[in-house]
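One structure is given below, encoded as structure tokens.
So that the names make sense, note that chain A is the first sequence line, chain B the second, and so on, each numbered from 1.
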2 protein chains.
Amino acid sequence: MTQTPEAEKIIKTLKNVAIFKGCDDKALERLAANAHLQKHTKGHILFIHGDEAARLYLVQSGWVKLFRETLDGTQAVVDILTSGHLFGETSIFEDDIYPYSAEVVEPSEIISIPLTNLKTEIETNNKLALNMLSAMARYRRQQDREIEHLSIQNASQRIGCFLLRLVNQSEDGAVTIHLPYDKTLVASRLGMQPETFSRALAKLRDATGLNVKGATIELENLNQLVSYSCAACSSEFPCKDLQAAE
Amino acid sequence: MTQTPEAEKIIKTLKNVAIFKGCDDKALERLAANAHLQKHTKGHILFIHGDEAARLYLVQSGWVKLFRETLDGTQAVVDILTSGHLFGETSIFEDDIYPYSAEVVEPSEIISIPLTNLKTEIETNNKLALNMLSAMARYRRQQDREIEHLSIQNASQRIGCFLLRLVNQSEDGAVTIHLPYDKTLVASRLGMQPETFSRALAKLRDATGLNVKGATIELENLNQLVSYSCAACSSEFPCKDLQAAE
DNA sequence: CGAGGGTTTGAAGTGCATCAAATAGTGTGG
DNA sequence: CCACACTATTTGATGCACTTCAAACCCTCG
């Protein structure tokens, strides 16, 4: 089969995404049929909650925010995704509408694939179905923890937990963390107001001795942060899964 | 194949569970091998967060609470399940431990099935895998809404939303709702303290004119409750899925 | 009838939201 | 390179929502 360079690039990316691991080349080609790779600037809306779901999306680079809005305009951030993360794929079941809106929040490269490709493939490709199940189970555990955090952690602890998930777990000793996007956005991701985020981060600094310079955060040692945040969590520190791709 | 009466009863139940719909009898028999149906009294612990996961559970009748506990003893309720709901099944992927604890909170009949049965079956039975994917996708949407509610609804609105989900959606006009379990438990399910629940319910009564007598709640018409609670939600009223079995 | 758990009520405190305003930071065009 | 405009972030002041601790009340069941 002859392929365009774009198609080749897409297939190469798919190979590294968890749910497509172990799929053979033919299957990937079928999945990637009519797929597109597009660059988007900050602020671009990929789709709106309630839109008819036609494609699934894969973040190649950059960041994408998933959110919903209530009638009175309040916004709830569902998740913020980066390289390797997939979204919009759950709409192949029952509903054919997107359950949230998606907005590009940093310059991004986004791959999109027709949902029908996935739907067709999954119906005959048990391996793919199992991969997807495994990914969904992982995501579900994340959501459970998310709910737990919202109900029992305070603002500073949630920030601490968020920072810990940005740290490469193999790192030890002094650590430098770089916030991947706006503080305002981090705040909304954690379900709090920007003002609260600012104050809670200051409180966290006083409590754990971390050092904040703009979007860069330095930490002499992880343990203090771990004991501060993870005390109010049912999981133990190296909390696996939490940052894993879908 | 000769079957015990218990096995027959179990298979009959499985047939009515969403994820087993469309499975043929042979498959159900394989799944039900070494399954048990047991009665449990209030307070019985089925398993603890972190236990090695060996079986999946299905509520035949009664209510089961899924929860986690932090080091300092605080408890977060993950979900409270009833007839037709399945739990513990996600442990067939990656982890082989239960991601939460499970406690019987009302006298219940619980079916349990070895996880290996499901694991084996799912690997060859694409229909089952697809059903399970569909169920997981539905559950995921519920979780998304749960997170949204925790971050943007207040206590009274969350109670209102909870009540609306107990109402048979086809009903209209005057409605009587019966709380299925302790108010204290409802409170924890909604992520609030019992005292807060009590006060928030009183506030909801004043705001929407519902009538509370112990565990029975009467409501002249749904609309007032809908407009009170659903204003702070991104979904529109007859919020499907939310009470659906996994 | 009394014990015990569930539920409500009261009083006080904490945490987060909100509104307002100051400050820092960034990118633009001159 | 500067001044300006605009946005992100911080800080202050205040109010409301929920929690916490305490105690009363109610209901059920032995």
Side-chain angles (χ1 to χ4, degrees), chain A residues 41-43 63 65 70 72-77 105-107 149-160 162 178-207 210-217 228-229 232, chain B residues 41-43 63 65 70 72-77 80 103 105-107 149-160 162 178-207 210-217 228-229 232:
Chain A
T41 53
K42 184 169 174 170
W63 291 88
K65 173 176 79 171
T70 63
D72 59 25
T74 317
Q75 193 177 92
V77 174
V105 292
E106 294 294 330
H149 288 174
L150 281 174
S151 45
I152 64 191
Q153 288 193 322
N154 65 29
S156 297
Q157 290 170 327
R158 292 212 298 281
I159 295 174
F162 179 83
H178 216 83
L179 294 179
Y181 38 79
D182 279 358
K183 287 184 179 174
T184 306
L185 201 53
V186 178
S188 65
R189 170 65 183 53
L190 298 175
M192 65 186 80
Q193 299 305 311
E195 296 95 328
T196 302
F197 179 87
S198 177
R199 286 184 253 256
L201 183 57
K203 197 172 150 193
L204 189 66
R205 166 167 47 71
D206 297 344
L210 53 75
N211 206 319
V212 184
K213 283 181 211 150
T216 305
I217 294 171
Y228 183 87
S229 286
Chain B
T41 53
K42 185 169 173 169
W63 290 88
K65 173 176 79 170
T70 63
D72 59 25
T74 316
Q75 192 178 93
V77 173
I80 296 182
E103 177 186 343
V105 291
E106 294 293 331
H149 287 174
L150 281 174
S151 45
I152 63 191
Q153 288 193 323
N154 65 30
S156 297
Q157 290 169 328
R158 291 211 298 282
I159 295 174
F162 179 83
H178 215 83
L179 294 179
Y181 38 79
D182 278 359
K183 287 183 179 174
T184 306
L185 201 54
V186 178
S188 65
R189 170 66 183 54
L190 298 176
M192 64 185 79
Q193 301 303 313
E195 296 94 328
T196 302
F197 179 86
S198 176
R199 285 184 254 256
L201 183 57
K203 196 171 151 194
L204 189 65
R205 167 167 45 72
D206 296 344
L210 53 76
N211 205 319
V212 183
K213 283 182 211 147
T216 306
I217 294 171
Y228 183 88
S229 286

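- The CG-C1' distance, from A:Asn154 to C:dG13, rounds to 15 Å in whole Å.
- D:dT9 atom C1' lies 14 Å from atom CG of A:Leu185, rounded to whole Å.
- Remark: P of C:dT8 and CD1 of B:Ile159 are 10 Å apart, rounded to the nearest angstrom.
- In this structure, the CD atom of B:Gln157 is 12 Å from the C1' atom of D:dA17, given to the nearest Å.
- Put simply, A:Thr184 has a side-chain N or O that comes within less than 4.0 Å of OP1 or OP2 on D:dT9.
- Between A:Ser198 and D:dT9, a side-chain N or O to OP1/OP2 separation shorter than 4.0 Å is absent.
- Here B:Ala155 lies in heavy-atom contact (under 4.0 Å) with sugar-phosphate atoms only.
- Atom CE in A:Met192 sits roughly 20 Å away from atom P in C:dT14 (whole-Å rounding).
- Side-chain contact between B:Leu150 and B:Arg158 is present, with at least one heavy-atom pair separated by less than 4.5 Å.
- Across the protein-nucleic acid pair, A:Asp182 atom CG and C:dT26 atom P stand 11 Å apart, rounded to whole Å.
- Between the CG atom of A:Leu204 and the P atom of D:dT10 there is a distance of 13 Å, rounded to whole Å.
- Atoms CD (A:Gln153) and P (D:dC18) sit 20 Å apart, rounded to a whole Å.
- With hydrogens and angles ignored, a donor-acceptor pair closer than 3.5 Å exists between the side chain of A:Arg199 and the base of C:dT18.
- Between A:Lys65 and A:Tyr181, the closest side-chain pair of non-hydrogen atoms is not below 4.5 Å.
- Counting only N and O atoms by type, the side chains of A:Thr74 and A:Asp72 include a donor and acceptor under 3.5 Å apart.
- Looking only at side-chain heavy atoms (C-beta outward), A:Lys42 and A:Asp182 come within less than 4.5 Å of each other.
- Checked by distance alone, A:Gln193 brings no side-chain donor or acceptor within 3.5 Å of a matching partner on the base of C:dC19.
- Taking every side-chain heavy atom of A:Glu195 into account, D:dT11 is the closest of D:dT9, C:dG6, D:dT11.
- The closest side-chain heavy-atom distance from A:Leu185 to A:Glu106 is not below 4.5 Å.
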